[in-house]
Amino acid sequence: EVQLQASGGGLVQAGGSLRLSCVASGFTVDDYGVGWFRQAPGKEREGVSCINSSDGQRYYDDSVKGRFTISKDNAKNTVYLQMDSLKPEDTAVYYCAADSEGCWVYDDMTYWGKGTQVTVSS
């Protein structure tokens with residue numbers, strides 16, 4: 001069964017860093033597009049970053065460009081989101097998701113993991 005497990009969230013002060021991990025099972029991340037999404041209280045879910053399987057291209061929302069880095073370790077079947085220079089507005093529940101069609105499906109990805117809470121204090 002396809003499963004995604006996100007972890008690494010926590011409480012951090014503004015300017016700090018966190019690294020989120022998304023461990024996949026039931027499929028290989030090298031064959032799927034895998035993305036990170038977030039949802040803050042009172043706001044709609046938004047895409048944060050995505051890495052494609054076919055070409056390795058990485059995509060970032062403008063709000064996180066230069067601060068967040070997505071990567072994957074195929075041997076560990078894990079996708080990471082390194083978050084640096086965190087801001088209070090980054091506070092949200094972060095989700096990882098995957099789709100065999102790649103990042104083009106955006107937030108309509110087929111498989112979703114449970115979220116991990118990221119809280120950034122000012």
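Since this is a predicted model, take the numbers as computed values, not measurements. Throughout, numbering of the chain's residues begins at 1 and tracks the sequence.
Residue I70 is not grouped with residue V93 when hydrophobic side chains (ILVMFWY) are merged at heavy-atom distances under 4.5 angstrom, including chains of intermediate members. When hydrophobic clusters are built by joining Ile, Leu, Val, Met, Phe, Trp and Tyr residues whose side-chain heavy atoms come closer than 4.5 Å, directly or via intermediates, V29 is grouped together with I51. No chain of hydrophobic side-chain contacts below 4.5 Å, direct or via other Ile, Leu, Val, Met, Phe, Trp or Tyr residues, connects L86 to F37. Grouping the Ile, Leu, Val, Met, Phe, Trp and Tyr side chains by contacts below 4.5 angstrom, directly or via other members, places W36 apart from Y80. In terms of hydrophobic clustering, with Ile, Leu, Val, Met, Phe, Trp and Tyr side chains grouped at heavy-atom distances under 4.5 Å, Y94 and W112 are assigned to different clusters.
In this structure, C50 and M109 approach most closely via the heavy-atom pair SG-CE, 3.6 Å. Smallest separation of non-hydrogen atoms from S122 and A14: CA-CB, 4.4 Å. Here the shortest heavy-atom pairing between G8 and T116 reads N-OG1, 4.0 Å. The two residues G33 and S53 make their nearest non-hydrogen contact at N-OG, 4.0 Å.
Note that OG of S21 and CD of Q82 are 9.5 Å apart. Values are rounded to the nearest 0.5 Å. To the nearest 0.5 Å, the span separating CE on M83 from CG on L20 amounts to 3.5 Å. Here K65 contributes atom NZ and S49 contributes atom OG; the two are 10.5 Å apart, rounded to the nearest 0.5 Å. One finds the OG atom of S71 at 6.5 Å from the CZ atom of R58 (value rounded to the nearest 0.5 Å). Distance check: T119 OG1 to L18 CG gives 9.5 Å after rounding to the nearest 0.5 Å. Taking NZ from K72 and CG from D30, the interatomic distance works out to 4.5 Å, rounded to the nearest 0.5 Å.
Contact annotation: the side chain of V48 approaches that of L81 to within less than 4.5 Å [non-hydrogen atoms, C-beta and beyond]. Residues T91 and V118 fail the side-chain proximity criterion, which asks for heavy atoms closer than 4.5 Å.
Side-chain contact, S17 with D84: a donor N or O sits under 3.5 Å from an acceptor N or O. With 3.5 Å as the limit, one finds a donor-acceptor pair spanning the side chains of T110 and D99.
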TODO: Carefully, step by step, assess W104 and N52 under the rule side-chain contact (heavy atoms from CB on, under 4.5 Å).
DONE: CA-CA 9 Å; W104 315 113; N52 258 331; 3.7 Å; yes
TODO: Show the numbers, then the answer: is there a side-chain contact (heavy atoms from CB on, under 4.5 Å) between N77 and V23?
DONE: CA-CA 6 Å; N77 211 32; V23 180; 5.8 Å; no
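Judged purely by atom type and a 3.5 angstrom limit, Y60 has no side-chain atom pairing as donor or acceptor with the backbone of R67. In terms of modelled atom types and a separation under 3.5 Å, the side chain of T78 and the main chain of K76 share a donor-acceptor contact.
Under the salt bridge (charged side-chain N to carboxylate O under 4.0 Å, His left out) criterion, the residue pairs touching residues 36-49 are R38-E46, R38-D90, with sequence neighbours excluded.
Residue Y59 qualifies as enclosed at atom OH: its count of foreign heavy atoms under 6.0 Å is above 12.
For the pairing with L4, the side chain to side chain contact (heavy atoms under 4.5 Å, CB included) check across F27, Y95, Y32 returns one residue only, F27.
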